[in-house]
There are 2 protein chains.
Amino acid sequence: MEKKLRTKDKILQASIELFNQVGERQVTTNHIAAHLGISPGNLYYHFRNKEDIVRQIFKEYAKLLETRIKPPSDKAEALDALACYLDAVFELMWRFHFFYANLPDILSRDPALQQDYQQVQQGVLARVIAVLKALKQSAVIQIDDDDITDLAHSIKLLVTFWISYLKTQAPDQAIDQASVYQGVLKVLLLFKPYATEQARPRIARLQQHYEDLAR
Amino acid sequence: MEKKLRTKDKILQASIELFNQVGERQVTTNHIAAHLGISPGNLYYHFRNKEDIVRQIFKEYAKLLETRIKPPSDKAEALDALACYLDAVFELMWRFHFFYANLPDILSRDPALQQDYQQVQQGVLARVIAVLKALKQSAVIQIDDDDITDLAHSIKLLVTFWISYLKTQAPDQAIDQASVYQGVLKVLLLFKPYATEQARPRIARLQQHYEDLAR
DNA sequence: CTGCGACTAGAGTTTTTAGTCAATTTGGCG
DNA sequence: CGCCAAATTGACTAAAAACTCTAGTCGCAG
């Protein structure tokens, strides 16, 4: 109880580590136990099964998503809100990138997780739309109202599968933070053509900022 | 030899069918054999293993990709070339959608397939870029040369993971042709903001065309 | 000290799927 | 017909991973 880290938390932490390193699918409960120098039985004392571990990791992820990515306050500058979002999303993406690397597979094996995921994503979509509307309102972008939802979906798709895309293109090289930041740049590129004349230089500055991080 | 379909081809066909229906991962060699009413041994007489089956299916897919999606002839109208591409890509996507539904997983289990895939994709990227350049040259879109490659990647990502995205958003409902065509529409939306004034009505017509197909 | 509950060990069971193999059938050809 | 190679059978083996179970240990409250 008073130890630095309870076994349960050590298991979660080691799981995230191993999942990120070699992929969720190839990590067995035995691997996790061996990695920690504990017995498989011990692991099953703390978790019902592997699904249970993944679910709790997802819960942690979802919690961070909720707390770190707050709805945009109307007072804040819309473009700052965007940058703030991008930072937060991509930090989470990095920390839990195993999840993004094989999302359909992971979800297909656990209907309960799938439902949680969908619920979380619904919230995300709403917030992306809110940011887009704020950007439009503050004349950063110019876009048909009809197209906003579609654009939001495209952005979400890009973010969700950026890691997967990287893996299909260059599976050998490991995912690092720089490669994740390249995903931010791609999202920015999705905005760029909608940018109003006056906003363009500020978007370019944002782009420069992430280009520096992406190497 | 003279039968309508040799066992080997029947196995390939049944595999595609089952893979599309329930997912590659959950279809075992025994399932395939049972589905055809043949013995597992028979299947292994024709194929070394399941990977072998998947590889041959991929070969067929790649061959269709090569033959159906020809490099754009300079004479043709650029926008027609685009429509032609979209049609072809999305037909293949439909026919082999199991492949798109779990790409990272399938590739990660077979390094040889992965290499083939990368090679094919390199060609695809080149052709997408060619189409974009043609569109620019014929003043359909207006875009920085620097952004063309990035846009091509975004398009490729969207196409590649459209099915996966659908599955994460609404896993229960089956993938049908209409839902695949909705992906075409998303690609078109990626172009739209780059469209020149004069090309806009023609793009809108194209959009209408796919909207009709997507329901 | 002792007893109790939280925790841990690790060998072993179960389940699942890939893959093998010797025996058998089939179909065309000399 | 009778032979041979191609095709086919299905029971069996192997391997891997999830998960269980019993027999403990540890630490602390009474």
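Fair warning: this is a prediction, and the values are worked out from it, not measured in the lab. Chain letters run A, B, ... following the sequence lines, proteins first and then strands; every chain starts at 1.
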Quiz item: When the distance from CZ of B/Arg6 to P of D/dT8 is rounded to whole Å, what number comes out?
Solution: 11 Å

Just the atom pairs and distances: protein N or O near nucleotides 16-22 of chain D's N or O, under 3.5 Å.
from, atom 1, to, atom 2, distance (Å)
D/dA18, OP2, A/Thr29, N, 3.2
D/dA18, OP2, A/Thr29, OG1, 3.3

Self-check item: Listed partners of B/Ala34 passing side chain to side chain contact (heavy atoms under 4.5 Å, CB included), at least two apart
Solution: none

Quiz item: Counting only side-chain N and O atoms of B/Tyr45, is one of them less than 4.0 Å from OP1 or OP2 of D/dA7?
Solution: yes

Quiz item: Can you list the residues that meet the ring-ring contact (aromatic ring centres under 6.0 Å, His included) rule with A/Tyr100, with sequence neighbours excluded?
Solution: none

Self-check item: Sidechain-backbone polar pair: B/Tyr210 side chain, B/Gly183 backbone, donor-acceptor under 3.5 Å
Solution: no

Self-check item: Non-neighbouring partners of B/Gln121 that pass side chain to side chain donor-acceptor pair (under 3.5 Å), sequence neighbours left out
Solution: B/Lys156

Quiz item: Who are the side chain to side chain donor-acceptor pair (under 3.5 Å) partners of A/Asp150, not counting sequence neighbours?
Solution: B/Lys186

Self-check item: Sequence-distant partners of B/Asp147, side chain to side chain donor-acceptor pair (under 3.5 Å), two or more places apart
Solution: A/Lys192

Quiz item: Rounded to the Å, how far apart are B/Phe47 CZ and D/dT8 P?
Solution: 12 Å

Practice problem: Any pair with a residue in residues 7-30 of chain B that passes ring pair (Phe, Tyr, Trp, His ring centres under 6.0 Å), sequence neighbours left out, goes on the list, sorted by first then second residue, please. | Solution: B/Phe19-B/Phe98

Quiz item: In residues 99-106 of chain A, what residues come within less than 4.0 Å of DNA chain D, judged by heavy atoms?
Solution: none

Quiz item: For A/Ser179, which residues count as a side chain to side chain donor-acceptor pair (under 3.5 Å) partner, sequence neighbours excluded?
Solution: A/Asp176

Practice problem: Write down the distance between CG (B/Leu43) and P (D/dG10), rounded to a whole number of angstrom. | Solution: 14 Å

Quiz item: Quick one: which of D/dA6, D/dG10, C/dT8 gets closest to the side chain of A/Ser39?
Solution: C/dT8

Quiz item: How long is the line joining NZ of A/Lys10 and P of C/dC7, in whole Å?
Solution: 12 Å

Quiz item: For A/Lys8 and C/dT8, what is the distance between atoms NZ and P respectively, to the nearest whole Å?
Solution: 12 Å

